[in-house]
Amino acid sequence: MLHILTKGPDSDVARQLQQAIADDDAIVLIEEGVLAALDGRWEGWTLYKSRIYLLAEDVAAWGLGELIDSETFATVDMQGFVGLTEQHTQTLTWY
Amino acid sequence: MLHILTKGPDSDVARQLQQAIADDDAIVLIEEGVLAALDGRWEGWTLYKSRIYLLAEDVAAWGLGELIDSETFATVDMQGFVGLTEQHTQTLTWY
Amino acid sequence: MEYGLLVMGAPYTSPAPHSALRFAHAVLTQGHRLNGVFFYHEGVHNASSLMAPPQDELNLREAWVELHETHQVSLDVCIAAALRRGVMNEAEAKRHGKTSYNLEAPFELTGLGQLLTLQQRCDRLVTFA
Amino acid sequence: MEYGLLVMGAPYTSPAPHSALRFAHAVLTQGHRLNGVFFYHEGVHNASSLMAPPQDELNLREAWVELHETHQVSLDVCIAAALRRGVMNEAEAKRHGKTSYNLEAPFELTGLGQLLTLQQRCDRLVTFA
Amino acid sequence: MEESNSLLVIIRHAPYSSNLLREGLDAALVAAAFGQPVDLLFLGQGVTALLKEQGIAAPGMKATRPTMDMLEMYDIEQLWTSEETLVALNLTRSDLRDNVQLIEAHALPAFMKSYSQILNF
Amino acid sequence: MEESNSLLVIIRHAPYSSNLLREGLDAALVAAAFGQPVDLLFLGQGVTALLKEQGIAAPGMKATRPTMDMLEMYDIEQLWTSEETLVALNLTRSDLRDNVQLIEAHALPAFMKSYSQILNF
């Protein structure tokens, strides 16, 4: 399953999402969700960092481009986001 | 100042509100805000319980009437809410 | 005391307009004067005359109109917030080349200056959002 | 693959319609087929023909219409969600005794069954809310 | 729920905080009316719709209880929530309606995967 | 800011997450145009509007930066945020525009009380 998180790491929906992640699931952070990149303490990073992708256009729009180390985060552009939805038979948006 | 909190204790706005409370401020919990009554760990209860009021109609609407001990919480009805806005020269809504 | 309300939530999406309306009636019951209600952000949808909720639900627009008729409360809608959300009166509709419109008196399209005036004129401005 | 989108955010309030539109174009660029977009909850405001954003901003309704015209994407709007929020076509306006309306083709008012059909017919349903 | 078109509707919003609960339930009811197998999962504040006392409408707003009561008539009998959800709101199983089933901590991902379609409200 | 009609506009929402930032700034600009003394306080995600890099618009959405740049033209020169806000988002003063002033932890209530009027966006 591909989870799409649209809210920040402090939101109650980010906590709801965490209950729902299976071992082979991936997560795309879009819109406000990209703010998780500022929060190193967010549990998501410890639990499944290798399966988390930031939407590049939203990282730029939210002004985070130079604040975060792009080497340590996996980003996708819109085409890459579509690619992730191809790979997973289900997508679930958390908003 | 009278603060009106409309979101649950887990929300980021509940955390923003906490920075803003002065010693002589009061807080009314309305709408989703009444859910704080279920959360004994909410910092608001430790820090300024004596100045927090629950809007009675929203407590009933959210189905919390019998779940919470009405002796330990101060509630106001809509008239009482208006009364609180009379006593404080400023009101500030957190949503 | 003189009260003013700022409403920023949409009907049937946010509980804010319902809370605001109940607060408005309690203000009047207590003998205060309710000077005006300013609709901003998503609150502009409260003014839509095309709103058609199921019959067993309160029609928020009608409830505001009744408040205006009974207590002379002005109902001001921010024009910039309204236009971008598809809420406009006949004059704006003409200006934008539309044949339909969905805002009528007693709701009035005004600028944000009206909100600041309301805040300065009233003893209390209470926001519902 | 066949894609369907569910849009539940309003223009100029939520970023969801913007994200959905960009996603839609990327889906088409990748050679997939975009079967339809279903507008629900606050998303129904995307269909409003009375929307008049400032000229330097994208008119979301026009962007959806262009998507329909270029790629034959159906634009379905939940009728129950639309009516309570003040979005209706000419037929519904007549039925409710209104002289104005704000939903026109290519947007169509339909029931929720259309959303379930879209979900079953498509390989992927992606929600923006 | 191994059927190929089984639908899970997730409800995460409280009755009067937005119209999402109502519009989520409507989607579930329509799916059931179309003969699609539907289950409901309540997470976060959505679980307050399952409180026994729920249903006294907020003044001026439509009550949720009648819609909740309609679910059975449409053969939506499986109402689920998760242990984490109850813990987060300090609720216990006995605060909820009788026909609610509890998903154990860590079992949620597998539970969700058993549905071919999901809508998240 | 001891003037009797001083206005504090609080911005708590990020540039592209809703229109609240934009509509809050509009309120501040109109107040300033009317000659009312106005200050801006950025809390929570609102502080991301102050990021140096802020202003590359999300594709299809109007950029925030031009409005932020207009503030000075309207004599809104005092942009404030709080230490707690920066800590919560792991930001430092140097990530922000030059004309931002920091309110120390615990000083926020007194700061807010110094304004005769407040609008919270």
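Numbered from 1 within each chain, the chains take letters A, B, ... in sequence-line order. The analysis underlying the following values was restricted to heavy atoms, covering all of them including side chains, and did not include hydrogens, waters or symmetry mates.
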Would you say the side chain of E/Leu8 lies within less than 4.5 Å of the side chain of E/Phe111, judging by non-hydrogen atoms?
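They are in contact (side-chain heavy atoms under 4.5 Å apart), so the answer is yes.
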Within 45° of the ring axis of E/Phe121 and under 6.0 Å from its six-membered ring centre, is that where the NZ or CZ of E/Arg22 lies?
no
Is any side-chain N of the basic residue among E/Arg97 and E/Asp69 closer than 4.0 Å to the acidic one's carboxylate O?
yes
Between E/Gln45, E/His106, E/Gln117, which shows the greatest number of heavy-atom pairs under 4.5 Å with chain A?
E/Gln117
Heavy atoms from other residues, nucleotides or ligands near CD of A/Gln79 exceed 12 (cutoff 6.0 Å)
yes
Heavy-atom distances under 4.5 Å only: say whether E/Ile10 touches chain A with side chain, backbone, both or neither.
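Answer is side chain: those atoms of E/Ile10 sit under 4.5 Å from chain A.
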Residue A/Gln19 versus chain E: region with a heavy atom under 4.5 Å:
both
Side chain / backbone / both / neither for A/Asp23 at chain E, heavy atoms under 4.5 Å
neither
